[in-house]
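Okay, structure first, notes after.
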Amino acid sequence: MADYRPQQLDKKWQQLWTSSLAFEVEADAKRPKYYCLEMFAYPSGHAHVGHVRNYIIGDVMARTKRLRGYNVLHPFGWDAFGLPAENAAIKTGTHPETSTLDNIAHMKGQLQRLGISYAWGREIATCQPDYYKFNQWIFLKMFERGLAYRKRSTVNWCPSCQTVLANEQVVEGACWRCGTTVVTRDLEQWFFRITAYADELLKGLDTLDAWPEKVVVMQRNWIGRSEGARLEFPIAGADTKVRGARLQADPADPVRGVRLEADPTDAIEVFTTRIDTIYGATFVLLAPEHQMVDRFTAESRDPAAFRARVAKFRALDRQARLTGEIEKEGFDTGRKAINPFTGELVPIWIANFVLAEYGTGAIMGVPAHDQRDFEFARKYGLPITFVVQSAAEVPAPDSMQEAVSAYGRLVNSGEYTGEESPSIKTRMIADAEKTGIGKGEVQYRLKDWGVSRQRYWGTPIPIIHCLKDGTVAVPYAQLPVELPKVPSFSGRGDSPLAQVPEFVNVTCPTCGGPARRETDTMDTFVDSSWYFLRFCDPKNSELPFSAASTVYWMPVDFYSGGVEHAILHLLYSRFFTRVLRDVGLLTFDEPFTRLLTQGMVLKGGAVMSKSKGNVVDPDDMLTKYGADALRLYVMFVAPPEKEVEWSDAGLEGSFRFLLRVWRLADHWAETIGGEGIPTCGDDCTGAERALRRKTHETIRRVTADIEERMHLNTAVSSLMELVNELYAFSEQTAHGAPRRGEPPVACTERTQTVGVLREAIDALVLMISPFAPHTAEEMWYALGNAGGLARAAWPSFDPEVARATEVVVPVQINGKVRARLTVEAGLSDDELRERALADAAVRTHTEGRTIRKVVVAKGPLVSVVVA
RNA sequence: GCGAAAGUGGCGGAACUGGCAGACGCGCCGGACUUAGGAUCCGGUAGCCGAAAGGCUUUGGGGGUUCGACUCCCCCCUUUCGCACCA
């Protein structure tokens, strides 16, 4: 061996891995599989060490599992569609395809220089027709099943840019690009009916026991299941007197003067989870967008004034919701509804805090038991009726400071008075069903997924609009619907695709008449919802993937990526998996068995970003220290899920450690190397036995740290301990400890010493190889192991060897360690107790005192209590 | 406001199931080897007292359970993240 020149080793081994197709795999039913995946990358151009950390984590896992005998699938690909490339095109004129492919080429080079062990033969890019063809295929399957549908919906619209904006592109109510105030528009949009799977997606969360609890909780909240009831409040005529209302009709207020017809067939439906409080429902609140609002407007004495107030709410609500807090406001429609349980008339108000898109867009106001309703009632002087008693005293409505939301015993609740909630809810719902005034219902916060984008750089939606036949699917045989080349990007106007007549004008597949192609493209989250399945069978031109390939490879055993995808990508993927299961392509429910959310890398306390100018480019580090030092450092600095602060000094330290390992291997290679492992075992000295113990203890710890606990930082520190031990051991041999500049002297060592060292150094090189693969390959080769690491096997732990022959037993007296006994291992508790009490140091503390208690604990440890 | 996670030397972090707090690394200090050392090897390094042996204190703060608490329970403080009128 020679001086450590990592840059040369990187090159040498990377070329060898590529030419030998070292990481390409095929399904093999005889071998256990392991599917290791990192979230694929958006090709932004340059990966910084923050991105790269994730790939290294996955690579450590993949390389470890290979050595552990698994058939490891470790692929990579590109989430290649998306807005940034199109925006860049608008700015610079470079076609998105050109810039995307350039970026992919550069980033791929970066990952290869890091020595990440990807099966590049399975690489995919979502912007390629042979990939997005199957976005379209899946879309059509969903269309056939009614899971893809069109409806009008409200979207963010920038009047200046003439385009739809995603929620995250609206910054404080204004367009992120030009600063124009965003307005809403109703547009026909395509949706995926993810709500059809809401309950299943929720239940499935319970099976994800190898996911971070945090992510599971976030998904659970996002789905937001609520059990309750949908109840009808019939609308009454406005001439009926309102019980308990303090408001008087005000002739000066045009809104309150209403017409007097009553229509008993009309009702306002509300959704509530607290039917037990219904006797306290003293008003009804409508969202400003509620359908009934338009009718009330028309029927009011002064529709123009009424409409103005509603419009103010609708606008204000929108602004406020984007910026945060809004003051609860409302106004009386002048109309009344009938509380279906009490039969009493309650006023109907319009309130700015009632959400149109949740439940029925209307609620019953129970001010005594809901804080929001309470605030509203106080502000407008609406009556408060207390109906659920959870404390000893019934508060007087006038003196209540806040609503009481706790469950308790029902009071003032007619036939239900005296019953306990929440158990009474079931009966109340049943009664409502019997009398036809309502029914039990489950509501979800989750909404259907709007997938239409009025953008160019995405998957065309495979639909044709025909005047005669309506919405028609593009036949499967005609897939893919390819993106036409668009020469220039203005960023203005409708969907860019609408400006390409050859694309838009088609014949209807059903009737052959003239028709218009759909010009929206799909949300790029569609692309990422199934890419992990495509990796199982990336060249399939007939189907997204074959069922057989996924039967072997899926589900993904280990998936890692940023926590920012905790909801969207991971929820959509779980949804797609179920849809494809129902289509008949898959046989399982959950795509990702184990999930790791890796922490970000900070520089100067901030997340790395180009705009902040604080990115650390991995290439700079590679030039200076080589790939392995960077890899090792990033793994050593903290556990993977933790955020870390980048440190050049820390990287330097990892480089020094690799040098230290290198020198050790160099120092001993000639003496211990070669084919055939010398045995070690019999008639060892104490030092030799101790080194063996350390070797096996390290194997145990490193294996568990990587495979079970995913504490890669402590795995590395265990390896460092072993290296320290090896230096100390070497010091006592004829060779002495490795020193720089001194060639290894040919000294003779005991065969046992050679054997013990060989075992330790082989194990060290193998276990360091997932972290520092290039250095490890070279050392493995220098030690005379045939066939490279690709043919090596992870060292196995022998508990017999690791078992200590003597142990140090601390003795605590009144909780403080006062002595340490060195005793042979395996003594009984009684023997330990006896030895402890006989120890001189212990006796100085027990002399003249009463021994109250002696506890011998596993560990072992002796705890003595004296008075 | 609600919910979750976290708080340990000068710094990053260890401590697995309630059992020796501070592994490992960075930094710093000392020694060796050297023309030289910013290389390398060896040693030291939580704080206070002490020449040393040793003792006392110490895991954000305060209380509790226990023979024993970084770990479990209660209250408080700080930080980070998530949700934020979902009826």
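Protein chains get the first letters and strands the later ones, always in sequence-line order, with residue 1 at the start of each. Since this is a predicted model, take the numbers as computed values, not measurements.
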A:L664 has an atom CG; how far is it from atom C1' of B:C41, in whole Å? 13 Å
Out of B:G13, B:G19, B:A23, whichever nucleotide has its closest atom nearest the side chain of A:Q812: B:G19
Round to a whole Å and report the spacing from CZ of A:F636 to P of B:G12. 13 Å
In whole Å, what separates the C1' atom of B:G7 from that of B:C76? 14 Å
Determine, for A:K624 against A:E652, whether the closest basic-nitrogen to carboxylate-oxygen distance falls under 4.0 angstrom. no
Reading RNA chain B from 5' onward, which residue's closest nucleotide shows up sooner: A:S863 or A:V716? A:V716
Distance check: side-chain N/O of A:S717 vs OP1/OP2 of B:G13, anything under 4.0 Å? no
Opposite nucleotide pairing with B:U17, Watson-Crick or G-U, both atom distances under 3.5 Å: none
Which base, if any, makes a Watson-Crick or G-U wobble pair with B:A69, both distances under 3.5 Å? none
For the pair A:F374 and A:H369, evaluate ring pair (Phe, Tyr, Trp, His ring centres under 6.0 Å) and give the outcome as yes or no after the intermediate values. CA-CA 7 Å; A:F374 179 81; A:H369 304 290; over 10 Å; no
Does the side chain of A:Y358 get closer than 4.0 angstrom to OP1 or OP2 of B:A87 through an N or O atom? yes
Kindly compute the distance separating CZ (A:R663) from CG (A:L658), expressed to the nearest 0.5 Å. 11.0 Å
I want to check one thing: is the phosphate of B:A14, taken as OP1 and OP2, less than 4.0 Å away from some side-chain N or O of A:N713? yes
Roughly how many Å apart are B:C41 and B:A21, using the C1' atom of each and rounding to a whole number? 30 Å
Which of B:C24, B:G19, B:C67 is nearest the side chain of A:N724? It is B:C24
Spacing of A:F353 atom CZ relative to B:C85 atom P, expressed in whole Å: 11 Å
From the options B:G13, B:A87, B:U40, select the nucleotide whose nearest atom is closest to the side chain of A:L355. B:A87
By nearest atom, which of the nucleotides B:A21, B:A23, B:C67 is closest to the A:E721 side chain? B:A23
Less than 4.0 Å between a side-chain N and a carboxylate O, is that true for A:K694 and A:E721? yes
Sequence-distant partners of A:Y633, ring pair (Phe, Tyr, Trp, His ring centres under 6.0 Å), two or more places apart: A:W646
Can you check the distance between B:C11 and B:C77, where both ends of the measurement are the C1' atom (answer in whole Å)? 24 Å
Looking only at side-chain atoms of A:K214, point me to the closest of B:C81, B:G25, B:G19. B:C81
Tell me whether A:D373 is salt-bridged to A:K328, with the criterion being a basic N under 4.0 Å from an acidic carboxylate O. no
Choose from B:A87, B:G13, B:C67 the nucleotide whose nearest atom is closest to any side-chain atom of A:K853. B:C67
Pair assignment for B:G37, Watson-Crick or G-U wobble, requiring both distances under 3.5 Å: none
A:P639 side-chain proximity, nearest of B:G19, B:A14, B:C42: B:A14
Using atom P in both nucleotides, what's the gap between B:A39 and B:C29 to the nearest angstrom? 12 Å
Anything under 3.5 Å between a protein N or O and an N or O of nucleotides 56-59 of chain B, put it in a table, one pair a line.
from  : atom 1 : to     : atom 2 : distance (Å)
B:C56 : OP1    : A:R818 : NH2    : 3.1
B:C56 : OP2    : A:R818 : NH1    : 3.1
B:U57 : OP2    : A:K816 : NZ     : 3.4

Separation of atom CD in A:E213 from atom P in B:A6, rounded to whole Å: 12 Å
Between B:C11 (C1') and A:D648 (CG): distance, integer Å: 15 Å
Spacing of A:E707 atom CD relative to B:C16 atom C1', expressed in whole Å: 16 Å
In whole Å, I'd like the distance from the CG atom of A:L712 to the C1' atom of B:C16. 16 Å
Between CZ of A:F636 and OG1 of A:T714, what distance do you get to the nearest 0.5 Å? 10.0 Å
B:U58 and B:U8: how far apart are their C1' atoms, nearest whole angstrom? 10 Å
Short side-chain N/O contact to B:A84 OP1/OP2 from A:R445, under 4.0 Å: yes
Residue matched to B:C2 through Watson-Crick or wobble contacts both under 3.5 angstrom: B:G82
From B:A87, B:C16, B:G12, nucleotide with atom closest to A:V637 side chain: B:G12
Has A:R445 got its NZ or CZ under 6.0 Å from the middle of the six-membered ring of A:W222, at an angle within 45 degrees of the ring axis? yes
Considering only the P atoms, how many Å lie between B:C26 and B:G13, rounded to the nearest integer? 16 Å
Donor-acceptor pair under 3.5 Å: do we get one between A:K328's side chain and the base of B:C85? yes
Among the nucleotides B:G19, B:C85, B:G82, whichever has the atom closest to the side chain of A:L861 is B:G19
Write down the distance separating the C1' atoms in B:G18 and B:G12, rounded off to the nearest Å. 27 Å
NZ/NE/NH1/NH2 to OD/OE distance under 4.0 Å, A:E227 and A:R225: yes
Does a nitrogen or oxygen in the side chain of A:R660 sit under 4.0 Å from OP1 or OP2 of B:G25? no
How far does the P atom of B:A4 sit from the matching atom of B:C24, given to the nearest Å? 37 Å
With a non-hydrogen cut-off below 4.0 angstrom, is A:A649 in contact with a base, only sugar-phosphate, or nothing? sugar-phosphate
Anti/syn call for B:G64, syn if |chi| within 90°: anti
Identify whether the distance between the nearest side-chain nitrogen and carboxylate oxygen of A:R701 and A:D705 falls below 4.0 Å. no
I would like to know whether A:R660 and A:Y727 meet side chain to side chain contact (heavy atoms under 4.5 Å, CB included); could you show each step before the answer? CA-CA 9 Å; A:R660 202 165 144 81; A:Y727 268 77; 3.4 Å; yes
Strictly by Watson-Crick or wobble contacts shorter than 3.5 Å, is anything paired with B:G12, and which nucleotide is it? B:C24
A:E697 bridged to A:R700 by N-O distance under 4.0 Å: yes
Identify whether any heavy atom of A:D370 sits under 4.0 Å from a base atom; if not, whether one sits that close to sugar-phosphate; answer base, sugar-phosphate or nothing. nothing
Can you tell me the pairing partner of B:A53 across any strand shown, Watson-Crick or G-U wobble, with both distances under 3.5 angstrom? none
Can you tell me the pairing partner of B:G43 across any strand shown, Watson-Crick or G-U wobble, with both distances under 3.5 angstrom? B:C29
Taking only side-chain nitrogens and oxygens of A:R663, does any of them come within less than 4.0 Å of OP1 or OP2 of B:C41? yes
Side chain of A:R656, heavy atoms from C-beta onward: which of B:G19, B:A87, B:G27 has the nearest atom to it? B:G27
Nearest-Å distance for atom pair CD/P, residues A:E641 and B:A14: 9 Å
